[in-house]
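What follows is a short report on a single structure.
All heavy atoms count here, side chains included; hydrogens, waters and symmetry mates do not. Start at 1 with the first residue, then count along the sequence.
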Amino acid sequence: MSTITSVELNYIVFRYLHESAFYIDEKGITCKETELDFVITAGFIHTAFSFGNEAGISKSSIDGTLVPIGALIRLVQKGLQYLEMEANLSNCDMSLDEDFSFLQPLDLITKDVQELGKMVNNKRKKLHKDRNKESEKEHERGRGWVKEKGRHEKANKECEKDRDRTQDLKELEQKHGNQSIKELVTDQEHMVTSMHEQDKALEGLEPMDISTVSTSQPCEIRSSDVIVLEGHTSEVCACAWSPTGSLIASGSGDSTARIWSIPEGRCKSALLNDPPNVFVLKHVRAKPNRQSNDVTTLDWNGEGTLLATGSYDGQARIWTTNGELRSTLSKHKGPIFSLKWNKKGDYLLTGSCDRSAIVWDVKAVRWKQQFEFHSGWTLDVDWRNNVSFATSSIDTKIHVCKIGENLPIKTFVGHQSEVNCIKWDPTGSLLASCSDDMTAKIWSMKHDKYLHDFREHSKEIYTIRWSPTGPGTNNPNKNLVLASASFDSTVKLWDVELGKLVYSLNGHRGHVYSVAFSPNGEYLASGSPDKSMLIWSLKEGKIVKTYSGNGGIFEVCWNKEGDKIAACLSNNTVCVLDFRM
């Protein structure tokens, strides 16, 4: 509730003292001040004069005509009614948190209990509605690892049933060697594929969609080529390979990050000879009453010597490769959703739901500059070079900022809904963005308007990635392409130079949360809450490998050699897969 100031309280007390004064004439009859030549005064008139003089009432800016007679008495009475209403409401099942912050002092003075009760109930309903919306948005956009339940549960169960039926028939074939059963298996496989294709057709996907079935059937990655890393006690939302070694970091809702040492060589054989070591990075809560301390994002520096993590408690932390906490960076007033090292490794950039982005001086262990230009949550950040970067927000805007500048050096406006992800191309000349408005856009610092506006997706676009090809990469002779992953279950590849769609990759049965290019730019991995990871050949636009996990997949990433892929899952595990063609 808004507090009453000392000046306002002094004025109300002064008015009470002054209004309590009355006058007595020579005959002892009470009368008005204007009706006598006045003999005696009674009440607190002298007290009012002294109090008013000492409190500087004459210098007050309060308009006395707006203060009703008996204001102090009214305020005390309303306070008692307030306590009575609070006591009555406390017997109901509804939460009273912040309910009475809806009431202003003037409301208490001028309205009765029934009116106040209606105000509280109406505003409480609005608050709960807003909180529900905010909670949904936070879960869907902020943390980035939505648990797909109702919408896709049925589809996943049907898919599993189809798979089970096919497997049963194959077992019968092996047992009896019956040719007719073999033909039935083939028909069953064609039927399952046909059902999947019909499902996608109903979702309005264009004729250019690539079938999940190629001339040579995609190969399921064998269990012998998979290491399952267990230890987290909640869903694992982020993972990243070290750029220089065989370390992989994972971040979870259990308030920990972990650094796993993966043996070289094929997964199972290497695991038998040299089991992976793990360091547990515990994120101690900054405040005891903080409800969540989930690790939301992480990033390795360019040398692979330091790992930075961002957490729901608003703190960024920097760790060594052996799990030692090097520094804790505290200034944000809300969860950190994105975090990136610059190429030089001297600055760390964080974006938070407190609407700001902060550049941290890692060596000095302090913030260098805070950028507060957005009017909504900062969802993503990405460095352009060592001193300038871009930020995106739910306010639909993209700001390009530079260290030392007090205003954005460029602002891109064009999206109609929150901007989920931004990425600079390898040369830092083009910026790609994707949004809930179902579009991906390409921007240039030389132009105010977007260069390309890609509108082929039919639902929100969750993330985008540039290929490691073209100028400024290790594969300069290959064309630069952009991949976009959407809630319409597709991944689309774009020729940025020509501004056109190259492939629409149709294979997932659920939202696509993550895509990652192989280091040589020849393959693309995609992960979905439908529990599948698909690996695509970019030359043919076909699935070449598949993996089915035991939980929804939130993120996928390749190691620097390109022979292993990691995926983090909703069943609290991290999977490392061998990739060989």
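- The shortest distance between side-chain heavy atoms of Thr463 and Cys421 falls below 4.5 Å.
- Ring planes of Phe389 and Trp383: perpendicular class, angle over 60° (limits at 30 and 60°).
- The main-chain N or O of Glu8 is found under 3.5 Å from a side-chain atom of Thr5 such that the two form a donor-acceptor pair.
- No donor-acceptor pair under 3.5 Å is formed between the side chain of Gln315 and the backbone N or O of Leu329.
- In this structure, the side chains of Asp354 and Trp377 stay at 4.5 Å or more apart for every pair of heavy atoms.
- At least one donor-acceptor pair closer than 3.5 Å links the side chain of Ser252 to the backbone N or O of Glu235.
- Using a 4.5 Å heavy-atom threshold, the side chains of Ser484 and Ile461 count as touching.
- In this structure the side chain of Tyr16 never reaches within 4.5 angstrom of the side chain of Phe51, judged on heavy atoms.
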Exercise. Which is it for Leu339 and Val381 under the side-chain contact (heavy atoms from CB on, under 4.5 Å) test, yes or no, and what are the steps along the way?
Worked result: CA-CA 7 Å; Leu339 165 151; Val381 296; 5.9 Å; no

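- Ser352 contributes a side-chain N or O that, together with a main-chain N or O of Pro335, makes up a donor-acceptor pair within less than 3.5 Å.
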For this session: Let me see the working for Asn571 and Thr573 under side chain to side chain donor-acceptor pair (under 3.5 Å), right down to the final yes or no.
Result: CA-CA 6 Å; Asn571 69 339; Thr573 66; 2.7 Å; yes

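- Using a 4.5 Å heavy-atom cutoff, the side chains of Ser570 and Phe554 are in contact.
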Problem set entry | Stepwise side chain to side chain donor-acceptor pair (under 3.5 Å) test for Asn293 and Ser311 | CA-CA 6 Å; Asn293 207 34; Ser311 172; 3.2 Å; yes

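- In this structure a side-chain-to-backbone donor-acceptor pair under 3.5 Å is missing from Arg355 to His374.
- Of all the heavy atoms in Ser458 and Asp488, the pair that sits closest is N-OD2, 3.0 Å.
- At a threshold of 4.5 Å between non-hydrogen side-chain atoms, the residues Thr396 and Phe412 do not count as touching.
- Ring geometry for Phe371 against Phe373 counts as perpendicular: the plane angle is over 60°, on a 0 to 90° scale with 30° as the lower cut.
- Checking His508 against Thr490 by side-chain atom types alone, no donor-acceptor pair falls below 3.5 Å.
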For this session: Step by step, work out the side chain to side chain donor-acceptor pair (under 3.5 Å) result for His457 and Thr439.
Result: CA-CA 7 Å; His457 280 293; Thr439 72; over 6 Å; no

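- With a 6.0 Å radius and a threshold of 12 heavy atoms from other residues, nucleotides or ligands, Lys397 has its NZ atom at or below the threshold.
- Atom CD1 of Ile398 sits about 8.5 Å away from atom OG of Ser435, to the nearest 0.5 Å.
- The heavy-atom pair separating Leu349 from Ala357 by the smallest distance is CD1-CB, 4.2 Å.
- Although no hydrogens or angles enter the test, the distance criterion places a donor-acceptor pair under 3.5 Å between the side chain of Asp425 and the main chain of Ser429.
- Looking at every heavy atom in both residues, Ser338 comes nearest to Ile336 through O-CG2, 3.4 Å.
- Under 4.0 Å is where a charged nitrogen must lie from a carboxylate oxygen, and between Lys441 and Asp453 at least one such pair does.
- Between Asp436 and Ser417, the shortest heavy-atom contact is CB-OG, 3.3 Å.
- Annotation: cation-pi pair Lys331/Trp367 present, NZ/CZ under 6.0 Å from the ring centroid and within 45° of its normal.
- No donor-acceptor distance shorter than 3.5 angstrom exists from the side chain of Trp319 to the backbone of Leu281, with no hydrogens or angles considered.
- Side-chain polar atoms of Ser356 and Glu372 form no donor-acceptor pair below 3.5 angstrom.
- For Asn342 (side chain) and Asn386 (main-chain N/O), a donor-acceptor pair under 3.5 Å exists by modelled atom type.
- Panel note: side chain Glu405, backbone Ser388; no donor-acceptor pair is recorded below 3.5 Å.
- Looking only at distances, no side-chain donor or acceptor of Glu555 sits under 3.5 Å from a matching main-chain atom of Ile553.
- More than 12 heavy-atom neighbours from other residues, nucleotides or ligands sit within 6.0 angstrom of NZ on Lys423.
- Tyr462 is not listed as a side-chain neighbour of Cys434, based on a closest heavy-atom distance of 4.5 Å or more.
- His415 NE2 to Tyr450 OH: the interatomic distance, rounded to the nearest 0.5 Å, is 9.5 Å.
- Sorted by first and then second residue, the salt bridge (Lys or Arg N to Asp or Glu O under 4.0 Å) pairs involving residues 442-452 (not counting sequence neighbours) are Lys410-Asp448.
- Between the SG atom in Cys237 and the CG atom in Leu569 there is a gap of 12.0 Å [rounded to 0.5 Å].
- Taking every heavy atom of both residues into account, Ile69 and Arg74 meet most closely at O-NE, 3.9 Å.
- Using a 30° and 60° split on the angle between ring planes, Tyr513 and Phe487 fall in the tilted class, from 30° to 60°.
- Side-chain contact check for His511 versus Asp530: every heavy-atom pair is 4.5 Å or farther apart.
- Remark: of the listed residues Thr378, Thr411, Thr391, Thr411 is the sole one forming a side chain to side chain donor-acceptor pair (under 3.5 Å) with His399.
- Taking the charged nitrogens against the carboxylate oxygens, Lys363 and Asp346 have no contact shorter than 4.0 Å, which rules out a salt bridge.
- With values rounded to the nearest 0.5 angstrom, Lys282 atom NZ is found 10.5 Å from Asp254 atom CG.
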